[in-house]
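Note that ligands are numbered from 1 as they come in the structure, with each ligand's atoms numbered from 1 the same way.
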Amino acid sequence: MEAAFKPPQAIRGGIPICFPQFSSSGNLEQHGFARNKFWTVDTNPPPLPTSSSVKSYVDLILKPTQDDLKNWPHSYEFRLRVGLVLGGNLLLTSRIRNTNSDGKPFSFTIAFHTYVSLSDISEVRVEGLETWDYLDNLKEGQRFTEQGDALTFESEIDRVYVGTPTKIAIIDHEKKRTLVMRKDGLPDAVVWNPWNKKAKSIPDFGDDDYKRTLCVGAANVEKPITLKPGEEWTGRLELSLVASSYCSGQLDPQKAGFVHYPLPLSSRPPDLSKGPAIEGFGRERKIETERKGESWGGGQVLLQLLSIWIETVDLAAVRQRLFPAGTRDPPASETREYPLLLLRH
Ligand SMILES: O=P(O)(O)OC[C@H]1O[C@@H](O)[C@H](O)[C@@H](O)[C@@H]1O
């Protein structure tokens, strides 16, 4: 996929964050405005207990501008901690606080619209959603119950599974690996693939890209969250890639040993033009044309993480947070994934 960040057009690929509205359920633009915003690095976030297995993280923040308040008249602070867990998992911890000074509550829906990169959609099954209810957007949002089998794909799908378990597995038989999604505070799960006809009308999708990607998003859609001033909501999403010696029902990623490491930025830029940037997490963008004299050692850069765009930041500071001293530099042969994505001037 060729994900392009050209607001106000939507971005597809990585993990766009749909906030404060999922899909077209309200008056705002489809999936809300957050996915088209620049975030800033939050240098002094309020304390957030972090498990000792989270070795490196960076804190980001999104707040409304005066213009934003015209569309959605609420003050909020959306904090996102992007963490790398020992062993290579990716942990996103979100906190949304109502900072309205007029005493008014606000309600929102939210989704982490994860684009998962696949070998071929016909080789994939999703476990963890069977027997749960879903709202089918291809049938005016009617409610159905999934049957007892794992999900497989033969045509367009556009559903919100409601009140789902905390673990979902996306099993890719051909790649022999499984993406395990664990979620807290995000009871619903979005499953979307436009299939061939619809994909043709979607800018970021090449003709066959529908075969190689599937959106499985952790979400809170069915019952919007309401926050009074001063109240805060927290949600967590953890993604792990495991080798698919995976057996049905065995969702513990510790049982299999697919490990990936942060790329040591000090060594050399990865040649992302040859393939997906973070393959397992669905990022498939050729960035050759955009790599104009990046400074990998530091300096002011525009940073993109998982489809989250961050205002110009001091790369050295971000690198230090994400890859603190002592992080083991992996031998080149072991480097498989690049959690830190695109840097450009
Ligand atoms: O094209 P967008 O705005 O990124 O949305 C993609 C799809 O996202 C899904 O989550 C929605 O349920 C679909 O209806 C929508 O088409």
Quick test: of every protein heavy atom, which one is nearest to atom 1 (O) of ligand 1, and how far off is it to 0.1 Å?
R12 NE, 2.8 Å
Distance from atom 7 (C) of ligand 1 to nearest protein heavy atom, with residue and atom
W192 CE2, 3.4 Å
Suppose I only count heavy atoms of V190 and a 4.0 Å limit; which atoms of ligand 1 are within that range?
10 (O)
Can you report which non-hydrogen protein atom sits closest to atom 8 (O) of ligand 1, along with the distance?
H31 NE2, 3.0 Å
Going by the order shown, which atoms of ligand 1 are within less than 4.0 Å of some heavy atom of N137?
12 (O)
For ligand 1, does K198 get within less than 4.0 Å through its side chain, its backbone, both, or neither, judged by non-hydrogen atoms?
neither
Do we get K63 above F78's six-membered ring, with its NZ or CZ under 6.0 Å from the centre and within 45° of the axis?
no
Exactly one candidate in R81, R79, R95 meets side chain to side chain donor-acceptor pair (under 3.5 Å) with D59; the answer is R81
Note the single closest protein heavy atom to atom 15 (C) of ligand 1, along with its residue, its atom name and the distance in Å.
Q30 NE2, 3.6 Å
Could you tell me whether K37 and D68 make a salt bridge, using a distance below 4.0 angstrom between a side-chain N and a carboxylate O?
yes
Students should be able to answer this: which protein heavy-atom is nearest to atom 9 (C) of ligand 1, and at what distance?
H113 NE2, 3.4 Å
Could you tell me, atom by atom, which parts of ligand 1 come under 4.0 Å of a heavy atom of F22?
10 (O), 12 (O)
Between A34 and W39 the two heavy atoms that sit nearest each other are O-NE1, 4.0 Å
May I ask you to identify the nearest protein heavy atom to atom 11 (C) of ligand 1, giving residue, atom name and distance to one decimal place in Å?
D158 OD1, 3.5 Å
R143 with D133: basic N within carboxylate O range, under 4.0 Å:
yes
Does atom NZ (K104) have a neighbourhood of more than 12 heavy atoms from anything else shown, all under 6.0 Å?
no
Applying the side chain to side chain contact (heavy atoms under 4.5 Å, CB included) test to K211, which of L118, N193, D120 qualifies?
D120
Can you name the closest pair of heavy atoms from Y76 and T99 and give their distance?
N-OG1, 3.2 Å
Would you mind checking which non-hydrogen protein atom is closest to atom 4 (O) of ligand 1, with the distance to 0.1 Å?
R35 NH1, 2.8 Å
